[in-house]
Asks: 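For reference, the structure I am asking about is given below.
Below, all heavy atoms of this structure are taken into account, side chains as well, without hydrogens, waters or symmetry copies. A note on names: the letters A, B, ... follow the listed sequences, proteins ahead of strands, and every chain is numbered from 1.
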There are 2 protein chains.
Amino acid sequence: MPRPSTPLLSPDRIRSVALAIIDRDGLDGLSMRKLAAELGVQAASLYGHVKTKDALLNDVASAILASIDVSGFASGDWRAGLIQCARSYREALASHPNIVPFLAYGPAGREESLNRLDVMHGALVDAGWSRREATMIAAGVMYLVFGAALSSFSSGFSADPADYSGRYPHLDRAHLLPGVARELDRDSFELALAAFVRGL
Amino acid sequence: MPRPSTPLLSPDRIRSVALAIIDRDGLDGLSMRKLAAELGVQAASLYGHVKTKDALLNDVASAILASIDVSGFASGDWRAGLIQCARSYREALASHPNIVPFLAYGPAGREESLNRLDVMHGALVDAGWSRREATMIAAGVMYLVFGAALSSFSSGFSADPADYSGRYPHLDRAHLLPGVARELDRDSFELALAAFVRGL
DNA sequence: ACCTGAACACCGTTCAAGT
DNA sequence: ACCTGAACACCGTTCAAGT
């Protein structure tokens, strides 16, 4: 049986199926063997297109980070720039929460991250902050974005009232949190971001 | 050769060696086989004392979280309480940064976390915040603490000036960051926390 | 050029067997 | 009661071999 004239695999196809598996099964749910199977191929075949699993994850991560918008700093209003950049950053991460723990390791090494950081730092210095202050403010924004994207808060609560009632007097409605997790996460992030920027 | 009268393994010894391996080799550097070897035992022996690797990690995590201090809320000054609790939380995580990605998954399910959250929520409601606002403020504190503990910022920069000079005009001194990462991380967290609390 | 089969050195976990 | 040896079903990765 002749092979089809077009290759079965391409970097693009590998990346997109890998991301789909991560979104569906979690970061630990992605294995090279499972990825190969869903691509209709053997695991070894992947290594003709991808250097290592780690490099593949970095590619997937870069694709996600590429969508972040730093155009807000062009306005000259650094507060508005910070808020818009942070919001777009969090949205990009929130679309693929399972990959965030991987992203949290050394995003500073990625090209897109450095570009973004450079723009942010420049806007803050132009606004009169010292270089050190600009660095710390940028760090603070990252703390909020990654902390929020880890989704460690609203999700993770049990939906069973019995887990809270009686034992934790102030958490007697915590079982309702999973149902509103998404909007509560967004609102909590917006509140924290607004308070942070206002408090600077 | 007779076995010693005292068992080789105990939950305490397993936990402390496991944490030492995580601190030294990272979260992925901990395997049941390596842990067993450092305890002078075969991998299978661990399962007489520990249910699964996941349960072991949860035990290690709980031991770390147990050291967090929420006594600051007793003063009646909710701002001071928030700052002191967040500071002690971050310090606990910063002592063992490699386990933070694991901790970020569902800390809300852990007993110590719920207790802490209950205290924090109660203090905020007592201060006049609505229940929803109290929930969002607590979430904001968690965002800052976990974002900062992930250490995704200062570390992760290269120590080689050539990686930045020329290409990123505002980052021409980024190669100095690794040398001051620890204090810069602390200062950045303090700045962000102060701004957040002030802006509320 | 692109994919495969088999292999290597690992995993977490179980379980009958030893002392 | 506590530990072991061997096994099972997985990993990421390499490499000679096939087409």
Side-chain angles (χ1 to χ4, degrees), chain A residues 1-62 98-99 101-106, chain B residues 1-62 98-99 101-103 105-106 109:
Chain A
M1 174 169 122
R3 284 184 292 102
S5 56
T6 57
L8 291 167
L9 259 31
S10 75
D12 260 17
R13 219 165 86 78
I14 294 175
R15 263 199 302 270
S16 86
V17 173
L19 181 55
I21 293 176
I22 290 171
D23 286 343
R24 170 169 36 90
D25 302 335
L27 200 50
D28 289 342
L30 175 72
S31 77
M32 296 303 268
R33 284 173 161 88
K34 190 197 281 185
L35 174 57
E38 300 209 3
L39 286 161
V41 112
Q42 296 298 320
S45 314
L46 294 170
Y47 290 85
H49 302 260
V50 152
K51 201 113 183 14
T52 61
K53 186 185 182 184
D54 196 68
L56 170 59
L57 283 171
N58 267 297
D59 282 354
V60 173
S62 290
N98 291 339
I99 209 183
F102 175 82
L103 263 171
Y105 284 128
Chain B
M1 176 166 119
R3 283 184 294 103
S5 55
T6 57
L8 290 167
L9 261 31
S10 76
D12 261 16
R13 219 165 86 77
I14 294 176
R15 262 199 303 269
S16 87
V17 173
L19 181 55
I21 293 176
I22 291 170
D23 286 341
R24 171 171 34 92
D25 301 335
L27 200 51
D28 290 343
L30 175 72
S31 77
M32 297 303 267
R33 283 171 161 90
K34 189 196 282 185
L35 174 58
E38 300 209 3
L39 287 161
V41 112
Q42 296 297 320
S45 313
L46 293 169
Y47 290 85
H49 302 260
V50 151
K51 202 115 184 7
T52 62
K53 185 186 182 182
D54 196 68
L56 169 59
L57 282 171
N58 268 296
D59 281 354
V60 172
S62 291
N98 291 339
I99 209 183
F102 174 82
L103 263 170
Y105 284 126

Asks: Minimum heavy-atom separation for A:Ala61 and A:Ile99, please, with both atom names.
Replies: N-CD1, 4.3 Å
Asks: Name the closest nucleotide to the B:Arg33 side chain, picking from C:dT4, C:dT13, D:dT13.
Replies: C:dT13
Asks: Tell me which nucleotide, if any, is Watson-Crick or G-U wobble paired with C:dT13 when both distances must be under 3.5 Å.
Replies: D:dA7
Asks: Within this structure, what is the NZ-to-C1' distance between B:Lys53 and D:dC10, rounded to whole angstrom?
Replies: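 Checked: the NZ to C1' distance equals 14 Å.
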Asks: Nearest to the side chain of A:Ser31, heavy atoms from C-beta on, is which of D:dC11, C:dC3, D:dC3?
Replies: D:dC11
Asks: Provide, to the nearest angstrom, the distance between the CG atom belonging to A:Leu35 and the P atom belonging to D:dC10.
Replies: 17 Å
Asks: For C:dC3, does OP1 or OP2 lie under 4.0 Å from any side-chain N or O of A:His49?
Replies: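 Yes.
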Asks: What nucleotide, of D:dC3, D:dG12, C:dG5, holds the atom closest to the side chain of A:Ala44?
Replies: C:dG5
Asks: Round to the nearest Å and state the distance from A:Leu46 atom CG to D:dC11 atom P.
Replies: 13 Å
Asks: In this structure, how many angstroms lie between the P atom of C:dA6 and the CD atom of A:Gln42, rounded?
Replies: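 To the nearest whole Å, that distance equals 10 Å.
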Asks: Rounded off to whole Å, could you give me the CG-to-C1' distance for the B:Leu39 and D:dC2 pair?
Replies: 14 Å
Asks: Heavy-atom distance under 4.5 Å between the side chains of B:Leu57 and B:Ile22, does that happen here?
Replies: yes
Asks: Indicate the atoms forming the closest heavy-atom contact of B:Ser45 with B:His49, along with that distance.
Replies: O-CD2, 3.6 Å
Asks: Return the nucleotide paired to C:dG18: Watson-Crick means purine N1 to pyrimidine N3 with N6-O4 or O6-N4, wobble means G-U with N1-O2 and O6-N3, both under 3.5 Å.
Replies: D:dC2
Asks: Mind calculating the distance between NZ (B:Lys34) and C1' (C:dA9) to the nearest angstrom?
Replies: 14 Å
Asks: Taking atom P of D:dC15 as reference, at what distance in whole Å does atom NZ of A:Lys51 sit?
Replies: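 In whole Å, D:dC15 P lies 11 Å from A:Lys51 NZ.
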Asks: Could you state the CG-P distance from A:Leu27 to D:dG12, rounded to the nearest angstrom?
Replies: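 Nearest whole value for this atom pair: 11 Å.
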Asks: For A:Ser45 and C:dC2, is the shortest distance between a side-chain N/O and OP1 or OP2 below 4.0 Å?
Replies: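 So the side-chain polar atoms of A:Ser45 never come under 4.0 Å of the phosphate oxygens OP1 or OP2 of C:dC2.
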Asks: Return the minimal non-hydrogen interatomic distance between B:Leu35 and B:Leu30, and the atom names on each side.
Replies: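 Closest approach of B:Leu35 to B:Leu30: CB-CD1, 4.2 Å.
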Asks: Counting any heavy atom closer than 4.0 Å, what does A:Leu30 reach on the DNA or RNA strands: base, sugar-phosphate only, or nothing?
Replies: sugar-phosphate
Asks: For residues A:Ile14 and A:Asp59, determine if any side-chain heavy atom of one lies less than 4.5 Å from a side-chain heavy atom of the other.
Replies: no
Asks: Using OP1 and OP2 only, check whether a side-chain N or O of B:Tyr47 sits under 4.0 Å from C:dT13.
Replies: yes
